[in-house]
Structures are given as C-alpha cells and as structure tokens.
Amino acid sequence: MRLKTLEIKGFKSFANDTVVHFGEDVIGIVGPNGSGKSNIVDAIRWVLGEQSSRELRLDSMSSVIFNGTKKRRPAPYASVTLTFENTKNLLPTEYQNVSITRMLYQSGDSEYKLNNVTCRLRDITSLFLDTGIGSNSYAIIALGMVDDILNDKENSRLKMLEQAAGISKYKIRKRETLLKLKNTDADLERVEDLLFEIDGNLKTLEQQARKARRYFEIKDQYKGFSIQLAGIRVGRLKERHKEIKNQLTQEEDRYRQFDVESTTLETQLEAEKKANLDKEKALSDRQRDLNALVGKIRN
C-alpha cells in the first residue's frame with residue numbers, strides 16, 4: 001500500500017485547491033516558517049479521524065476552515081482527501097485506488113466519504129485497522145512527538161512498539177469488546193430491573209385477568225338468562241295475543257249479531273213509522289169528518 005496523493009481545500013492556510021503527489025520513495029516538503037508545512041501533517045491526521053482540536057493546534061474544530069483574509073472570503077467548508085494505491089490488497093477492499101475524504105462545513109455539519117461514497121468514521125477506522133495508519137499512529141510524527149518518545153511520556157515508547165508489532169489493533173478490539181460487554185451488562189441490569197417491575201405488575205395483572213374472566217363468565221350467564229327471560233316474555237306475549245285474538249273474534253261475532261238485530265229493529269221501526277203515518281192520516285180524516293159533524297150539529 002502506497003500513499004498516492006493528498007488533496008487539500010479550505011483547510012487552515014490552504015485556501016486554494018492544493019494537491020501533493022507522492023510519486024517517489026522519498027518526498028520532502030520545505031518552506032519558511034509559517035508556510036504551512038505542519039498543516040499538511042495536521043491535514044493527514046484530520047482526514048484519518050482526529051477528533052481533538054488540541055492535537056491539531058486549534059482552539060476548536062471549526063477553526064480548521066480557512067477563516068479568510070482582507071482580500072479573500074472565508075471558505076464555506078474544509079476538505080481533505082487521501083488516496084492510496086492498494087495494488088497489494090493490504091486494505092480489505094477490491095479497489096486498486098482507495099480515497100478517503102473528510103469535510104467540515106461552516107454550519108458544523110461534517111461527513112466522511114470512502115471512494116466518494118458517504119460513510120462513517122468507524123468504517124474508515126476499521127478499513128485501516130490492520131495497516132498501522134491512523135490519526136494517533138506513529139506512522140505520522142507531528143511536532144513534539146519526538147520529545148514525547150524520547151522522554152517516554154505516557155508510555156509513548158510502549159505504544160510505538162505495540163503499533164510496530166501489530167498489537168495495538170488487538171488492544172483496540174479488546175477495548176471495544178470490553179465496552180460491548182459493559183454495555184451488555186448494563187442491558188442485563190436493565191433487563192433485571194424490567195423483570196422486577198414486571199414481576200411487581202404481574203400480580204396486579206393476574207388479579208385483573210381473574211376479574212376479567214369472572215366478568216366474561218357473568219356476562220355469558222347474563223346473556224343466557226336474558227335469552228331465557230326474553231323467551232318467557234315472548235311466550236307470555238304470544239298467549240296474551242291469542243287470548244286477545246279470541247276476545248276480538250267473540251266481540252266481532254257479537255258486533256255482527258248486534259248489527260243484524262239493529263237492522264231488524266230499524267226495519268220494524270220503519271214499518272211502525274209507516275203504520276203510524278197511516279193511522280195519523282186516518283185520524284186526520286176522521287178528525288175532519290168529526291169537525292164537519294160538529295159543524296152540522298151546531299148549525
């Protein structure tokens with residue numbers, strides 16, 4: 001695996017697009033003080049995932065973006081891209097050229113890209129885990145690191161030897177595994193708390209379940225009794241309807257009988273009226289004759 005190019009834009013003092021080619025075995029970048037030589041090392045550490053602004057000689061991470069000058073506007077974002085040749089397949093990927101990119105915007109948003117595909121920092125770290133390349137790797141020697149190694153500050157010699165021997169990756173994996181185990185223990189404790197809470201609520205739920213079962217039993221009994229009561233009421237109503245129907249038939253018969261009798265009486269009445277009219281006529285005639293006789297007698 002060989003470092004091929006370094007592309008920098010808007011990072012610290014690199015306002016313009018800057019591409020550094022590593023086409024030879026030994027590459028030297030020289031310049032006066034303040035020309036930005038150390039910024040190249042910072043750019044490499046930053047794109048590899050450095051999260052400490054102090055290690056990049058900054059007050060805050062947002063300061064990596066070119067802040068502008070009197071004649072130039074501030075850069076909208078900082079971008080650094082590293083490209084490696086993977087001809088020996090040291091990186092676990094099928095690509096012959098592997099590029100990693102880190103971008104930070106003025107809004108505070110950041111993103112990582114692997115061959116121009118958005119990814120996580122963890123993906124990049126896992127990709128370079130077995131290669132000895134990383135933001136805290138001794139493959140990148142920054143200012144002050146030589147003194148730290150000579151003075152063995154914070155076991156720096158041991159860390160360098162572990163990285164050279166390939167032990168550090170196992171320590172990282174061990175630390176990640178221990179962290180996972182710790183999180184698993186925390187999850188188990190949480191599960192135990194949940195089980196305790198569930199056990200506490202289980203009795204209440206069982207009581208509620210018994211009450212619910214009793215409720216449904218009583219409801220079923222009530223439904224059966226309601227059906228029986230409705231059947232009894234329907235039977236009584238049918239009997240009452242039958243009685244009323246019989247009474248209605250009897251009353252209709254009586255009504256028809258009374259109607260016949262009424263018709264007969266009306267016929268007799270008409271006959272009596274006619275006879276009475278005849279008698280009244282005869283009486284009128286006799287009364288007239290009587291009046292005539294009385295007149296004759298008077299005369």
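One finds the CD1 atom of I124 at 8.0 Å from the CG atom of L48 (value rounded to the nearest 0.5 Å). Note that CD1 of I244 and CD of E251 are 12.0 Å apart. Values are rounded to the nearest 0.5 Å. To the nearest 0.5 Å, atom OG of residue S99 and atom CG of residue L6 are 12.0 Å apart. Rounding to the nearest 0.5 angstrom, the gap separating the CG atom in D123 from the CD1 atom in I100 is 12.0 Å. Rounding to the nearest 0.5 Å places CG of L121 at 10.5 Å from CD of E50. One finds the CZ atom of F11 at 8.5 Å from the CZ atom of R102 (value rounded to the nearest 0.5 Å).
For the pair Q106/P74, a side-chain contact is recorded, criterion being any heavy-atom separation below 4.5 Å from C-beta on. With contacts defined as side-chain heavy-atom distances shorter than 4.5 Å, the pair D278/K274 qualifies. Counting heavy atoms from C-beta on, the side chains of W46 and I44 never come closer than 4.5 Å. You'll find the side chain of R122 reaches within 4.5 Å of the side chain of E176, heavy atoms only. Proximity of K9 to D17: side-chain heavy atoms (C-beta onward) are separated by under 4.5 Å at one or more points. Between S38 and R57, the closest side-chain pair of non-hydrogen atoms falls below 4.5 Å. Counting heavy atoms from C-beta outward, E7 and T18 have side chains that stay 4.5 Å or more apart. Between L3 and H21 the shortest side-chain heavy-atom distance does not fall below 4.5 Å.
Formation of a donor-acceptor pair under 3.5 Å by the N299 side chain with backbone atoms of G295 is found in this model. Listed for the K37 side chain is a donor-acceptor partner under 3.5 Å among the backbone atoms of P32. In this structure a side-chain-to-backbone donor-acceptor pair under 3.5 Å is missing from D259 to Y255. In this structure a side-chain-to-backbone donor-acceptor pair under 3.5 Å is present from S226 to Y222. Checked by atom type and distance alone, the side chain of N246 pairs as donor or acceptor with a backbone atom of K242 at under 3.5 Å.
One finds a salt bridge joining R240 and E243 here, because a Lys/Arg side-chain nitrogen approaches an Asp/Glu carboxylate oxygen to under 4.0 Å. Under a 4.0 Å N-O distance rule, the pair D285/R288 qualifies as a salt bridge.
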Discussion item. Set out, in order, the CA-CA distance, both residues' side-chain angles and the distance that settles side-chain contact (heavy atoms from CB on, under 4.5 Å) for R214 and I218, then state yes or no.
Written reply: CA-CA 6 Å; R214 181 59 179 165; I218 295 174; 3.5 Å; yes

Practice prompt. Dump the intermediate steps for side-chain contact (heavy atoms from CB on, under 4.5 Å) on R210 and R213, then the final yes or no.
Written response: CA-CA 5 Å; R210 286 196 297 269; R213 286 194 296 269; 3.1 Å; yes

Practice prompt. Show your working on side-chain contact (heavy atoms from CB on, under 4.5 Å) between V98 and T93 and close with a plain yes or no.
Written response: CA-CA 8 Å; V98 178; T93 179; 3.7 Å; yes

Worksheet entry | CA sep, side-chain torsions, deciding dist, call: K12, D42, side-chain contact (heavy atoms from CB on, under 4.5 Å) | CA-CA 9 Å; K12 284 192 171 183; D42 293 339; 2.7 Å; yes

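Other residues, nucleotides and ligands place more than 12 heavy atoms under 6.0 Å from the CD atom of Q221. For R256, the CZ atom counts as densely surrounded, since its 6.0 Å shell holds more than 12 non-hydrogen atoms of other residues, nucleotides or ligands. Applying the 6.0 Å contact sphere to CG of D59 captures no more than 12 heavy atoms from other residues, nucleotides or ligands. In the displayed structure, R2 atom CZ is contacted under 6.0 Å by more than 12 heavy atoms of other residues, nucleotides or ligands.
With no hydrogens or angles considered, no side-chain donor-acceptor pair links R72 and N67 at under 3.5 Å. Defined by atom type and a distance below 3.5 Å, a donor-acceptor pair is present between the side-chain atoms of T101 and T81.
One hydrophobic cluster, built from ILVMFWY side chains closer than 4.5 Å, holds both L91 and Y95. If you chain together hydrophobic residues whose side chains sit under 4.5 Å apart, Y77 and V64 never meet in one group. Using a 4.5 Å cut-off between side-chain heavy atoms of Ile, Leu, Val, Met, Phe, Trp and Tyr, with links allowed through other members, L114 and Y112 fall into the same hydrophobic cluster. Residues I27 and F84 are members of one and the same hydrophobic cluster, defined by side-chain heavy-atom contacts under 4.5 angstrom among Ile, Leu, Val, Met, Phe, Trp and Tyr. Criterion: ILVMFWY side-chain heavy atoms under 4.5 Å apart, direct or through other members. Under it, I29 and V47 are part of a common hydrophobic cluster.
Contact record, A78 with G10: CB-O, 3.3 Å, taken as the closest heavy-atom pair.
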